[in-house]
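Please read the structure below before turning to the comments.
First listed ligand is number 1; within each ligand, the first listed atom is number 1.
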Amino acid sequence: MAPSIITGLLLPLLAATSSLAFDTTTRCTTSTFSSLSGVEISTVETLKGSSILRLPDLVPSCGGPDKNITVSADICRLVANVRTSNSSSIRIEAWLPDNWNSRLLATGTGGTGGCVDYSRLQSGAQLGFAAFGTNAGHDGSSGHDFFLNQPEVINDFGHRAIHVEAAVGKKITALFYGREVSKSYYDGCSTGGRQALQEAAMYQDDFDGILAGAPGVDWLKIVASKAILARRIGWPDLNSSAYVRPEQWQAIVAKQIELFDELDGEKDGIIDAPQNIRFDPALLACGTGALGQDLCLHPDQVQSVEEAYQPLTNGDGEIIYPPFIIGASTGVFSNNQKDGKPILNYSLVRDFWRGAVYNNSDWNENNFTLSDLDYALSINPGGVNSNSRDLSRFHQRGGKVLAYHGLVDTTVTPLLSMEFYKGVQAAVGLSLEEMQSFYRLFLVPGMDHCSAGPGAWNIGQVYPLDSKRLDAANHALLALVDWVEGGKAPDFLTGAKYQNDSVSQPILAERRHCPYPSQSRWDGRENRRDVRGWVCGYA
Ligand SMILES: *[C@@H]1O[C@H](CO)[C@@H](O)[C@H](O)[C@H]1NC(C)=O
Ligand SMILES: *[C@@H]1O[C@H](CO)[C@@H](O)[C@H](O)[C@H]1NC(C)=O
Ligand SMILES: *[C@@H]1O[C@H](CO)[C@@H](O)[C@H](O)[C@H]1NC(C)=O
Ligand SMILES: *[C@@H]1O[C@H](CO)[C@@H](O)[C@H](O)[C@H]1NC(C)=O
Ligand SMILES: *[C@@H]1O[C@H](CO)[C@@H](O)[C@H](O)[C@H]1NC(C)=O
Ligand SMILES: *[C@@H]1O[C@H](CO)[C@@H](O)[C@H](O)[C@H]1NC(C)=O
Ligand SMILES: *[C@@H]1O[C@H](CO)[C@@H](O)[C@H](O)[C@H]1NC(C)=O
């Protein structure tokens with residue numbers, strides 16, 4: 001495997017690494033790790049870059065049962081169970097590259113946890129990191145049986161797994177390479193982004209740099225919001241005059257894009273700043289001609305759509321969760337029937353409330369109200385609703401947070417990231433300038449949840465990587481490394497849109513993404529698909 005192409009940045013460290021005085025193959029044995037306590041090793045194997053790793057035992061919700069993935073570098077692969085209490089353990093998986101850059105990269109999970117993030121292991125090992133993944137204490141990203149009557153399994157998912165992964169990961173890395181890691185990083189999206197900011201708040205010494213995608217802070221509210229919004233649109237009574245059907249929602253969102261797309265200067269299917277738009281659903285009422293007879297909104301439906309875009313408020317009318325974003329697909333709450341019966345396709349609310357909140361397999365979300373959310377918040381299973389804005393200890397020790405969030409995120413409203421950013425600023429008591437010196441948030445127009453969408457969204461967060469874009473301007477993790485180790489804060493990130501979203505195809509557009517609250521603006525001269533046409537600034 002060729003050394004990583006991040007030359008300017010990593011040269012000194014790579015030089016040190018190339019003089020490693022041992023043969024990684026002979027080190028890649030169980031005995032190297034025998035001093036670890038509470039760790040039960042199941043696999044230690046040497047794998048060649050470009051070979052295929054078979055994963056025959058993956059559960060279906062993690063992509064199994066028989067998944068094959070490409071090994072991205074010459075590595076030593078270790079799989080182990082780490083005891084976390086006397087009724088729980090987490091599985092961790094390490095990819096330890098021969099060509100080590102002296103750093104550690106830990107990764108998180110998505111949804112309701114339970115799946116090793118192989119894509120980030122592949123990227124991390126290719127870039128030279130000792131890369132770690134975890135199942136966060138249970139197997140599977142859907143279902144609830146693993147949580148029933150298992151408070152310690154819930155604790156692993158809620159707050160403990162990543163902390164243990166970091167601690168054990170550092171030991172494994174030191175045993176294998178014969179010296180301590182130089183710097184430790186974390187990379188995760190969605191639930192992985194929740195785990196990211198929770199680490200910064202609770203375990204400030206675990207990582208030097210944290211990459212947080214679409215962070216699911218206030219996790220219980222995010223999950224609950226799907227059921228609450230569904231009920232605002234007449235569900236589960238599919239015959240009610242207020243009920244807005246799935247196909248109507250598709251038409252509503254398509255119409256939003258048609259109406260507001262051009263406000264930013266180009267009709268490209270992307271509303272650049274949907275957070276600034278006030279959408280009046282009366283525009284789509286029957287009689288206006290905006291939508292056909294079968295899709296237009298009757299008066300009660302107009303009211304439903306209006307309510308669907310309102311924030312969640314508590315009994316005192318205070319906002320507790322910001323609104324769904326205009327222009328984003330509403331499937332998480334509007335895909336809510338199957339064979340004529342009401343059921344949310346978004347299964348997380350059912351899974352988590354059954355398994356971790358009510359410990360009751362018969363519960364369902366059809367009558368979900370704010371009191372179900374309030375109850376969950378009051379018991380906060382496993383500490384999962386990590387919502388502390390107080391990152392002062394992480395700030396004081398010099399840690400850096402690089403966050404990103406798509407502006408058409410269908411699962412976690414990007415408004416949450418903006419609100420959280422301001423919340424941290426207030427809690428830590430920093431000026432905007434001080435804030436920017438430790439925490440930067442990049443909003444990505446036209447990006448959905450974690451990746452995908454019509455925008456120039458690729459900032460290196462998915463595998464495979466584009467070998468031509470492995471530098472701090474184009475790759476979020478490398479920008480973070482440059483910030484932590486070189487003191488160079490990222491002034492922008494350049495995102496790419498590939499044909500078919502495939503890095504082996506041509507780039508159709510590149511665009512500069514800017515640290516919130518600044519915004520990328522077209523200079524009005526260059527081609528809008530050329531990164532040089534974009535500057536960061538304020539309205
Ligand atoms: C994985 O590879 C094995 C061995 O080549 C093959 O038998 C199996 O069908 C593959 N699995 C999938 C899901 O492609
Ligand atoms: C489990 O751990 C707790 C606290 O560490 C201890 O008090 C208890 O005896 C243990 N239970 C078993 C069955 O080992
Ligand atoms: C969960 O439910 C089971 C079966 O109803 C019960 O035995 C158990 O005590 C409950 N556990 C908790 C933590 O409530
Ligand atoms: C809804 O309407 C359909 C057809 O009009 C009917 O078959 C069904 O029983 C109704 N459902 C309810 C819950 O009223
Ligand atoms: C239902 O959810 C699954 C899993 O998240 C997703 O792949 C699928 O596209 C969804 N279907 C609909 C109709 O929303
Ligand atoms: C929801 O509430 C209604 C009215 O109280 C009740 O008839 C229905 O059985 C409940 N549905 C579920 C799934 O609990
Ligand atoms: C893009 O992907 C689609 C579906 O996978 C495929 O049919 C099409 O040929 C691809 N286009 C190109 C240019 O590769």
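Nearest non-hydrogen protein atom to atom 8 (C) of ligand 5 is Asn345 ND2, 3.8 Å. Among all protein heavy atoms, the one lying closest to atom 5 (O) of ligand 1 is Asn68 ND2, 4.9 Å. In terms of protein heavy-atom proximity, atom 4 (C) of ligand 1 is nearest to Arg54 NH1, 3.8 Å. Of the protein's heavy atoms, Asn359 ND2, 4.2 Å lies nearest to atom 6 (C) of ligand 3.
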As a quick check of understanding, evaluate ring pair (Phe, Tyr, Trp, His ring centres under 6.0 Å) for His144 and Phe352, giving each step before the final call.
CA-CA 6 Å; His144 65 279; Phe352 199 75; over 10 Å; no
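Judged by distance alone, the side chains of Tyr243 and Asn336 do bring a donor and an acceptor atom under 3.5 Å apart. No side-chain donor-acceptor contact under 3.5 Å links Asp187 and Thr107. For Trp249 and Glu247, the side-chain atoms include no donor-acceptor pair closer than 3.5 Å.
In this structure, Leu441 CG and Tyr404 OH are separated by 12.0 Å, a value rounded to the nearest 0.5 Å.
Remark: ligand 1 and Asp66 share an N or O pair separated by less than 3.5 Å (distance only, no angle test).
Ion pairing between Glu419 and Lys221 fails under the 4.0 Å rule for side-chain N and carboxylate O. Checked for salt-bridge contact, Arg91 and Asp139 meet the test: a charged N lies under 4.0 Å from a carboxylate O.
In this structure, of Asn360, Leu148, Asn149, Ile154, the residue bringing a heavy atom nearest to atom 7 (O) of ligand 3 is Asn149.
Distances from atom 11 (N) of ligand 5 to the protein include at least one heavy-atom value under 4.0 Å. Under the 4.0 Å distance rule, the nearest protein heavy atom to atom 14 (O) of ligand 1 falls inside the cut-off. For atom 2 (O) of ligand 5, a protein heavy-atom neighbour is found at a distance under 4.0 Å.
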